[in-house]
Amino acid sequence: MTSDAVLIPAGGAALAGDLVVPASAGAVVLFAHGSGSSRLSPRNRAVAAALQRSGLATLLMDLLTEQEEAVDALTAGHRFDIALLSGRLTAAIDWLGGHPGTADLPVHLFGASTGAAAALTAAAEQPDQVRSVVSRGGRPDLADDALGRVRAPVLLIVGGEDRQVLRLNHEAAARLQVPHEVHVVPGATHLFEEPGALEEVAEVACRWFLRPSQSPGEA
């Protein structure tokens with residue numbers, strides 16, 4: 001297993017990332033963190049570690065530069081800018097396609113909170129590259145019109161006690177034109193802090209990423 005700190009060029013910005021590639025990796029999962037978070041999100045890193053143990057490569061990356069994060073901390077002006085965030089994910093997908101360790105690997109996306117909307121929008125923009133999308137406690141509704149253009153299968157994981165987000169996920173799911181599933185983790189709240197909740201997220205996400213699926217764009 002190789003582990004590297006990387007810099008990903010994206011529209012004039014250089015974004016920090018952590019790339020882990022297990023031996024004989026069968027695919028790579030690109031993570032999109034939620035509002036106010038970063039590539040150091042403990043929940044995403046826990047899920048990534050579980051995926052790595054199952055033979056999946058992972059790329060956790062910052063979606064904002066340090067300067068943008070400083071502004072966002074004061075104004076929250078960037079965290080809901082789905083066009084900006086999805087554009088940076090699109091750049092990362094292209095970067096993975098040119099990186100020697102991941103160039104031959106199918107790409108999957110894992111988005112949390114607002115990062116889920118960015119992941120779905122990026123999937124709509126890159127239908128030939130993205131194999132599937134998983135959302136954890138996400139806001140897929142913020143992907144808006146991109147929902148109808150997604151061509152990869154989508155798994156929406158939501159806590160059973162995260163009632164407003166659960167409603168938004170069901171509404172967004174109804175707008176998808178691809179195979180999809182809403183997986184409810186009983187008793188879990190938005191951050192999946194309850195015993196066993198995050199482990200269930202990792203398990204069902206891993207199963208989704210590893211399942212046999214069609215080629216990109218054929219969902």
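If you're wondering where the values come from, they're calculated on a predicted model, not measured in any experiment.
Side-chain atoms of Asn44 never come within 3.5 Å of backbone atoms of Arg39 as a donor-acceptor pair (strictly under, hydrogens ignored). Looking at Thr102, its side chain does come within 3.5 Å of a backbone N or O of Leu96 through a donor-acceptor pair. Of the possible polar contacts, one joining the Asn169 side chain to the Val165 backbone as a donor-acceptor pair under 3.5 Å is found. Judged purely by atom type and a 3.5 angstrom limit, Gln52 has no side-chain atom pairing as donor or acceptor with the backbone of Val21.
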Note to self: salt bridge (charged side-chain N to carboxylate O under 4.0 Å, His left out) for Asp62 and Arg88? Distances and angles first, verdict last.
What the structure shows: CA-CA 9 Å; Asp62 291 337; Arg88 296 201 165 161; over 6 Å; no

Margin query: Could you go through Ser113 and His190, starting from their C-alpha distance and side-chain angles, then the distance that decides it, and tell me whether this counts as side-chain contact (heavy atoms from CB on, under 4.5 Å)?
Written below: CA-CA 9 Å; Ser113 190; His190 186 62; 4.2 Å; yes

Next item on the list: Test side-chain hydrogen bond (donor to acceptor under 3.5 Å, both in side chains) on Glu125 and Ser86 and set out the steps.
Entry: CA-CA 9 Å; Glu125 296 299 325; Ser86 64; over 6 Å; no

Notebook entry, point to check: Hey, mind stepping through Phe192 and Val47 against side-chain contact (heavy atoms from CB on, under 4.5 Å) and telling me if it holds?
Noted result: CA-CA 12 Å; Phe192 296 89; Val47 172; over 6 Å; no

Next item on the list: Determine, stepwise, if the pair Leu30 / His108 fulfils side-chain contact (heavy atoms from CB on, under 4.5 Å).
Entry: CA-CA 6 Å; Leu30 170 59; His108 302 265; over 6 Å; no

Next item on the list: Test side-chain contact (heavy atoms from CB on, under 4.5 Å) on Leu59 and Asp18 and set out the steps.
Entry: CA-CA 6 Å; Leu59 173 59; Asp18 295 317; 5.8 Å; no

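No hydrogens or angles considered: nothing links the side chains of Ser41 and His33 as a donor-acceptor pair under 3.5 Å. A donor and an acceptor atom, one from each side chain of His183 and Glu200, are located under 3.5 Å apart. Neither side chain, Asp94 nor Gln129, offers a donor N or O lying under 3.5 Å from an acceptor on the other.
The structure places CZ of Phe31 at 13.0 Å from CZ of Arg43, a figure rounded to the nearest 0.5 Å. Here the CG atom belonging to Leu15 is positioned 8.5 Å from the CG atom belonging to Leu7, to the nearest 0.5 angstrom. Note that CG of Asp144 and CD1 of Ile82 are 10.0 Å apart. Values are rounded to the nearest 0.5 Å. Once rounded to the nearest 0.5 Å, the distance linking CZ of Arg131 with CZ of Phe209 reads 13.0 Å. To the nearest 0.5 Å, atoms OG1 (Thr121) and CG (Asp145) are separated by 9.5 Å. In this structure, Glu181 CD and Leu176 CG are separated by 12.5 Å, a value rounded to the nearest 0.5 Å.
The residue from Leu64, Leu142, Thr90 that alone fulfils the side chain to side chain contact (heavy atoms under 4.5 Å, CB included) condition with Leu85 is Leu64. With respect to Ser135, the side chain to side chain contact (heavy atoms under 4.5 Å, CB included) criterion is satisfied by exactly one of Ile157, Leu156, Leu155: Leu156. For the side chain to side chain contact (heavy atoms under 4.5 Å, CB included) criterion with Val29, the lone passing option out of Val134, Leu60, Leu51, Val107 is Leu51.
The two residues Ala103 and Gly97 make their nearest non-hydrogen contact at CB-O, 3.4 Å. Smallest separation of non-hydrogen atoms from Ala124 and Ala146: CB-O, 3.8 Å. When all heavy atoms are compared, the tightest approach of Ala13 to Thr65 is CB-CG2, 3.7 Å. Taking each heavy atom of Ala119 and Leu109 in turn, the nearest pair found is O-CD1, 3.2 Å. Among all heavy-atom pairs drawn from Ala91 and Pro9, the shortest one is CB-O, 3.7 Å. Closest heavy-atom contact between Gly26 and Pro106: O-CD, 3.2 Å.
Taking the charged nitrogens against the carboxylate oxygens, Glu171 and Arg175 have no contact shorter than 4.0 Å, which rules out a salt bridge.
At a threshold of 4.5 Å between side-chain heavy atoms, the hydrophobic network of Ile, Leu, Val, Met, Phe, Trp and Tyr places Val133 and Val178 in one connected group. Residues Val154 and Ile93 fall within the same hydrophobic cluster, defined by Ile, Leu, Val, Met, Phe, Trp and Tyr side chains chained together at heavy-atom separations under 4.5 Å. Trp208 and Val204 fall within a single hydrophobic cluster, where Ile, Leu, Val, Met, Phe, Trp and Tyr are joined by side-chain heavy atoms under 4.5 Å apart, directly or via other members. Under a hydrophobic clustering in which Ile, Leu, Val, Met, Phe, Trp and Tyr are joined whenever their side-chain heavy atoms come within less than 4.5 Å, directly or via other members, Leu105 and Val130 fall into the same cluster. In terms of hydrophobic clustering, with Ile, Leu, Val, Met, Phe, Trp and Tyr side chains grouped at heavy-atom distances under 4.5 Å, Leu168 and Leu120 are assigned to different clusters.
Here the side chains of Leu19 and Thr58 are not in contact, with every heavy-atom distance at 4.5 Å or above.
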